[in-house]
Q: 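I am attaching a structure below and will ask some questions about it afterwards.
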Amino acid sequence: GSAALAADVTVFAAASLKNALEDIRKEFEAETDYTVALSLAGSSLLARQIALGAPADIYLPASADWMDYLEAAGRLVPGSRKDLLGNRLVLIAPQSVAQSISGFDDPRLFEQLGEGKLAMGLLDAVPAGIYGQEALQSLGLWSRLAPQVAQTDNVRAALALIAAAEAPLGIVYASDARADPRVVVLAEFPEGSHDPIRYPLAQILPADGPAVAAFHTYLQGRVAREIFLSAGFDVIAE
Amino acid sequence: MLSVELRQQRAGFALDISFEAPAGVTVLFGGSGAGKTTVVNAVAGLERPETGRVALNGRVLFDLERGIWLAPHRRRIGYIFQEGRLFPHLTVRQNLLFGRWFAPKGAAREDLERIVAMLGIGPLMARHPGSLSGGEKQRVAIGRALLSSPDLILADEPLAALDDPRKEEILPYFERLRDEVKIPMLYVSHAATEVARLATTVVVLKDGKVQRQGSAAEVLGDASVMPTGVRAAGALLQARLLRHHTDGLSELEAGGISLFLPQVMQQVGSQLRVRILAQDVILSRQKPEGLSALNILPGEIEQIRGGTGPGAMVTLKTDAGRVLARITRRSAQALELAPGVSCYAVVKSVAIARSDVSGEARSDTPG
Amino acid sequence: MLSVELRQQRAGFALDISFEAPAGVTVLFGGSGAGKTTVVNAVAGLERPETGRVALNGRVLFDLERGIWLAPHRRRIGYIFQEGRLFPHLTVRQNLLFGRWFAPKGAAREDLERIVAMLGIGPLMARHPGSLSGGEKQRVAIGRALLSSPDLILADEPLAALDDPRKEEILPYFERLRDEVKIPMLYVSHAATEVARLATTVVVLKDGKVQRQGSAAEVLGDASVMPTGVRAAGALLQARLLRHHTDGLSELEAGGISLFLPQVMQQVGSQLRVRILAQDVILSRQKPEGLSALNILPGEIEQIRGGTGPGAMVTLKTDAGRVLARITRRSAQALELAPGVSCYAVVKSVAIARSDVSGEARSDTPG
Amino acid sequence: MNWLGPEEWQAVALSLKVSIWASLLSLPFGIFVAYALARWEFAGKQLLNGLVHLPLILPPVVTGYLLLLAFGTQGALGGFLQQFGIILAFRWTGAALAAAIMGFPLMVRAIRLSIEAVDPKLEQAAATLGANRFWAFATVTLPLILPGVIAGTILAFAKAMGEFGATITFVSNIPGQTQTLPSAIYAFLQVPGGESAALRLVLISVGIAMSALILSELLARRASKRLGGT
Amino acid sequence: MNWLGPEEWQAVALSLKVSIWASLLSLPFGIFVAYALARWEFAGKQLLNGLVHLPLILPPVVTGYLLLLAFGTQGALGGFLQQFGIILAFRWTGAALAAAIMGFPLMVRAIRLSIEAVDPKLEQAAATLGANRFWAFATVTLPLILPGVIAGTILAFAKAMGEFGATITFVSNIPGQTQTLPSAIYAFLQVPGGESAALRLVLISVGIAMSALILSELLARRASKRLGGT
Ligand SMILES: Nc1ncnc2c1ncn2[C@@H]1O[C@H](COP(=O)(O)OP(=O)(O)OP(=O)(O)O)[C@@H](O)[C@H]1O
Ligand SMILES: Nc1ncnc2c1ncn2[C@@H]1O[C@H](COP(=O)(O)OP(=O)(O)OP(=O)(O)O)[C@@H](O)[C@H]1O
Ligand SMILES: [Mg+2]
Ligand SMILES: [Mg+2]
């Protein structure tokens with residue numbers, strides 16, 4: 001950033017990281033004299049903006065694809081890319097109508113779904129949707145469930161459908177599910193049923209000044225780790 | 001019969017009137033701001049007065065003290081507006097038939113053909129109002145009101161927006177309306193000619209009050225109530241059409257006196273009313289000889305009223321009825337006119353405009 | 001001086017005219033659809049004809065053959081529209097002063113006070129057009145046009161939308177305009193009264209052609225070109241105001257003959273024009289005695305024209321000028337009238353309406 | 001044309017269906033509300049006016065979310081409608097509702113302005129000829145405001161063709177059911193390299209909406225030419 | 001009030017700033033385009049009309065993306081403007097541009113309809129009094145369409161208060177710089193527990209826009225009451 005108002009560090013991050021990043025920012029600003037601005041939106045949008053010259057110093061999307069895109073475009077500070085966070089995919093149901101199931105082979109899964117919809121992110125576009133489809137396919141459930149899938153433009157919208165009990169089943173991130181008392185987690189997708197979910201971190205060219213490096217480091221530090229963990233993310237780094 | 005009773009208070013204007021309109025045409029006559037439109041709109045239901053009561057042939061249209069207020073569309077009143085208010089998206093035919101869609105099934109239906117013929121709007125039927133002249137628009141507006149099978153016709157200065165030739169073109173249709181269609185009519189006007197030709201009864205309004213009510217002859221003969229002043233004063237004579245002469249003159253008879261007028265388009269035998277403006281009458285002490293004027297009415301002076309101006313208004317009692325003459329005071333003195341003096345009223349045939357003669361009763365074949 | 005030359009082809013209508021309007025008021029006279037508005041709009045620049053040329057005091061407003069077309073706002077023409085076209089968001093004062101914002105710096109400025117006084121609109125200055133009566137609106141419109149310092153005034157039937165009393169209220173202002181302000185004026189009308197009172201020159205249009213052009217007296221005396229027909233025909237006499245009598249009459253002198261009229265609001269000595277309608281004239285072979293009519297003009301019959309109707313139009317040559325009399329053919333025969341016969345024209349003083357008398361030249365104190 | 005896959009054709013067809021129904025079904029309500037705002041004085045008029053404009057003011061996602069809460073199967077209105085067999089959630093009908101609500105302010109504005117331009121005296125004239133309020137409106141005012149009605153309908157239609165946020169939030173994206181053109185465009189824009197597919201769909205959507213707009217201009221012009229003066 | 005954090009206040013202030021600038025700066029263009037569409041016949045009139053309506057038809061994200069391509073630092077127009085020190089992308093000025101463009105069809109519609117309701121004969125009258133086209137417009141038509149101008153401006157303002165898709169796409173969502181109310185609402189809706197904060201912001205946004213709307217109704221009514229007849 002260059003304007004007078006601009007913060008020392010501008011972070012372009014997936015909107016789903018809002019709570020955790022804001023907590024980390026507060027800690028960071030308390031510990032240092034630097035200021036941090038968080039621009040939160042969809043990962044794809046942010047990536048395109050960065051490609052077109054947005055004043056971002058750090059990029060933290062919810063999927064590796066868009067980081068690859070920027071890397072190919074030569075916008076990353078070489079060597080700054082790291083996988084920072086991980087997440088798990090869970091199957092959830094509305095708290096009010098949830099039946100407990102013992103696993104993905106439990107026939108009560110289909111009872112729970114009934115004629116209703118399975119809410120998940122856009123299958124082609126939203127990372128949680130892409131991972132979800134992959135997981136269901138590898139579990140052999142896709143062909144039965146596909147006709148009942150309702151896709152949303154982001155994970156939170158899917159969660160909202162479950163929370164409002166409009167859909168009896170949904171696939172969201174564990175980090176989203178745990179914070180909402182109106183939904184219960186029926187099962188967690190086994191590791192290996194889909195590509196690992198990764199939130200990569202990188203500095204964007206031209207990364208100038210010590211503040212960017214400081215925050216880049218801070219995101220990988222102990223305080224950040226605590227906050228990410230308590231928000232339900234897995235921390236990969238170190 | 002229409003009975004009207006209204007009270008209405010506005011900033012700087014108080015309406016408080018009550019009158020009864022018998023069958024025929026009742027002209028509401030009065031200057032600007034007298035309250036004419038307010039009365040007519042209340043009768044139609046377009047404006048709600050503070051209090052009052054209107055009944056039409058015994059049917060109460062509203063009685064605000066008893067909380068009765070009939071919606072306009074239930075009143076069965078044909079309103080002819082000053083500006084026509086034709087529906088611009090409909091053809092003339094559709095405009096004419098508009099009211100018919102809503103008329104109660106049993107209502108006596110005016111015949112479209114007959115009304116169209118009467119108003120001479122046959123060639124316009126397929127056109128839209130936007131392409132009509134002012135006079136044509138008003139004729140269509142008359143037809144539209146008639147064809148809604150109304151129990152009463154209201155007309156609020158239907159000719160005011162037209163110029164003289166166009167007025168002259170429309171007035172006969174209102175006469176036919178009165179004589180042929182026989183629906184009672186409340187007609188707002190401030191033109192003496194219209195009063196003279198149309199009115200059965202005149203109600204003169206002034207500042208929201210009824211100043212005078214009476215027959216057309218009574219009111220027109222009274223210069224004091226004519227808002228347009230002394231130039232409009234004149235007498236109304238009742239006459240019978242005796243014969244049509246070959247030279248284009250019509251001979252009428254009034255109280256045994258012959259009157260010669262330019263051809264009157266009425267049947268022999270019809271009763272007519274002839275308006276003779278006071279300013280068109282010349283008085284003579286001797287029986288005039290060798291004058292081009294054809295109408296000479298002997299009589300006796302009843303009254304002479306002088307004003308502040310140079311004129312005097314002389315009332316002459318003749319066998320044909322009272323005749324008013326407006327002459328200069330100088331002439332009155334020169335001729336030594338005084339009540340009781342006998343003299344002659346001289347009136348040119350051609351001074352009596354066609355607009356000053358109108359049929360009094362229904363004639364079976366329209367002219 | 002205004003010279004006009006226009007050609008314009010429309011479906012069912014072809015305009016092809018050329019006339020010159022000298023100083024004073026030129027009335028464009030003609031029936032509906034004659035092309036009057038088309039001419040006036042072309043002069044103002046509001047409509048572009050196919051071809052033609054208009055020059056005002058030598059300044060070319062357009063000459064389409066030479067490709068000249070001045071934008072309306074550069075023509076310095078004050079247009080008085082039939083419907084007023086006042087600006088509804090501005091007060092009367094702002095409306096009046098509107099043109100002044102745009103007038104060239106050096107232009108001779110009409111004095112606001114003077115115009116306001118002349119038009120009697122002083123009390124209206126702070127009001128908005130929405131609250132004015134039709135007559136008041138037109139007076140403001142006249143003032144607005146005047147105050148834009150125009151080289152020419154156009155008026156397209158400025159009185160047509162008004163009823164008679166309101167017409168009567170406005171006409172004097174146009175007379176004052178002619179006499180006091182002396183801006184040349186092109187005035188569209190189809191009312192004979194207006195022609196008689198205002199016109200210096202009359203251009204009669206018919207079906208897009210100039211049918212006749214001449215002085216007001218010439219054109220009005222010719223029943224064949226009067227589109228409103230024979231009832232409007234009449235003579236124009238030039239007279240000089242001799243004295244005001246104490247009984248409210250004014251004495252005029254025309255060619256040695258005295259005329260008595262109800263008080264004329266002009267200064268003694270002024271030249272006046274008096275319109276005497278043919279239908280108001282009675283003819284007599286003997287000199288009439290003992291009649292209430294005060295004006296008796298001896299003369300000799302020049303011409304008698306009969307039509308298909310019952311009437312005949314008699315032209316009488318008197319010392320005061322030609323007088324037209326419309327009488328019945330029956331009377332013409334009875335009195336054995338023929339060209340060369342001498343007889344008397346009888347005219348009532350009160351038959352000459354105030355609207356039929358007008359000042360001819362500028363009088364220094366407005367009445 | 002083979003440059004669109006079958007799913008995309010489905011999206012085009014569905015968008016057309018949703019937009020047509022949205023604009024036509026909201027029309028009577030639009031006319032009624034416009035009339036009330038133009039001609040009547042009543043308590044809560046400003047409130048109604050505000051309510052109508054709400055979808056213009058709120059971020060579409062919020063509108064969609066509110067719709068979900070109200071018209072979902074669990075929502076009060078949704079439950080009520082369900083008794084009559086009307087289900088909106090996850091159906092194209094819900095997409096139509098969302099589109100209708102988003103386009104409603106545009107429709108009402110256009111119609112209201114044209115009602116205000118009609119002289120109420122014409123309705124009075126109709127009343128004296130025996131027409132009650134409804135018929136006076138239907139036979140006089142309605143034909144006269146036709147240009148405004150056409151404009152309002154087409155505006156709502158065009159808006160519906162582009163509506164995304166409220167629709168996907170309310171009825172999500174189910175190919176063949178609720179996947180409208182804008183949802184498809186959005187999805188393409190979320191993946192690297194999807195731009196050209198998105199562009200194709202944008203062009204189709206713009207083409208349709210533009211044709212409708214131009215048509216509406218022509219219709220409105222013809223309708224107002226038919227009228228002349230009073 | 002302490003139920004909003006400083007960042008949220010910033011978003012409120014920024015949204016107000018953006019919306020006011022957007023509606024005021026687009027006003028002259030809006031009046032000009034509305035006048036051209038209402039009064040002139042010219043080649044490409046339908047094209048201009050279509051262009052004006054484009055933001056209504058396109059999904060907002062697409063509009064924002066097109067803006068980014070055109071006005072970004074890499075874009076042709078953006079590069080051109082940059083020479084004069086005008087940078088739009090990722091600045092609040094860009095947010096104002098996006099909001100202006102999204103509100104433009106609404107503004108033009110409202111103004112155009114009110115221009116069509118003014119009798120062109122009044123401008124003719126002004127011309128005969130010496131006013132050229134510009135002055136005839138400025139002194140006669142403009143005051144007469146004031147109600148429409150007010151309505152159009154406030155509509156554009158209200159739309160700007162709610163604009164999200166194009167704005168976030170064009171200028172991203174940087175607090176204090178480009179984070180408008182709708183973007184802040186969006187961000188809150190993306191995380192667990194953000195609903196109540198989002199609701200607060202929605203209420204503020206609705207409150208502001210509604211007040212503006214009601215004000216515009218009152219102003220327009222007063223302006224049109226001042227006029228009577230011709
Ligand atoms: N809507 C209104 N509000 C307030 N005053 C009104 C209204 N309409 C008319 N008036 C006033 O009421 C009085 C009577 O008006 P009305 O229109 O009935 O008169 P009118 O006799 O029809 O006059 P005109 O011949 O000019 O038509 C006038 O003083 C007028 O100014
Ligand atoms: N815009 C137009 N397009 C086509 N024809 C027109 C137009 N305006 C007038 N006309 C026709 O041109 C002819 C002359 O019209 P114009 O308005 O000049 O007549 P006018 O003498 O002013 O009549 P009026 O006394 O009725 O005002 C008429 O036949 C009329 O129908
Ligand atoms: Mg009235
Ligand atoms: Mg004309």
Q: For residues E:L122 and C:F87, report the shortest heavy-atom separation together with the two atoms involved.
A: O-CE2, 3.4 Å
Q: Quick one: are E:P143 and C:L90 in side-chain contact, heavy atoms under 4.5 Å?
A: no
Q: Side chain, backbone, both or neither: which part of C:L46 has a non-hydrogen atom closer than 4.5 Å to chain E?
A: both
Q: Report, as yes or no, whether the 6.0 Å neighbourhood of atom CZ on E:R133 holds more than 12 heavy atoms from other residues, nucleotides or ligands.
A: no
Q: Let me confirm one number: the CG-CG distance from E:L129 to C:L97, rounded to the nearest 0.5 Å.
A: 11.5 Å
Q: Is it the backbone or the side chain of C:A141 that comes under 4.5 Å from a heavy atom of chain E, or both, or neither?
A: neither
Q: Between atom CZ of C:F102 and atom CG of E:N132, what is the distance when rounded to the nearest 0.5 Å?
A: 7.5 Å
Q: Roughly how far, to the nearest 0.5 Å, is the CD atom of E:Q124 from the CD atom of C:E47?
A: 8.0 Å
Q: Rounded to the nearest 0.5 Å, what separates atom OG1 in E:T128 from atom CZ in C:F98?
A: 9.0 Å
Q: Is the count of non-hydrogen atoms from other residues, nucleotides or ligands lying under 6.0 Å from E:Q83 atom CD greater than 12?
A: yes
Q: Nearest heavy-atom pair of C:H73 and E:A131: which atoms, and what distance?
A: CB-O, 3.2 Å
Q: Mark yes when over 12 heavy atoms from residues, nucleotides or ligands other than C:R127 sit less than 6.0 Å from its CZ; otherwise mark no.
A: yes
Q: Considering only heavy atoms from C-beta outward, does the side chain of E:V140 approach that of C:H89 to under 4.5 Å?
A: yes
Q: Can you establish whether the number of heavy atoms outside C:F13 located under 6.0 Å from its atom CZ is more than 12?
A: yes
Q: Quick check on E:A126 against chain C: is it the side chain, the backbone, both or neither that has a heavy atom closer than 4.5 Å?
A: both
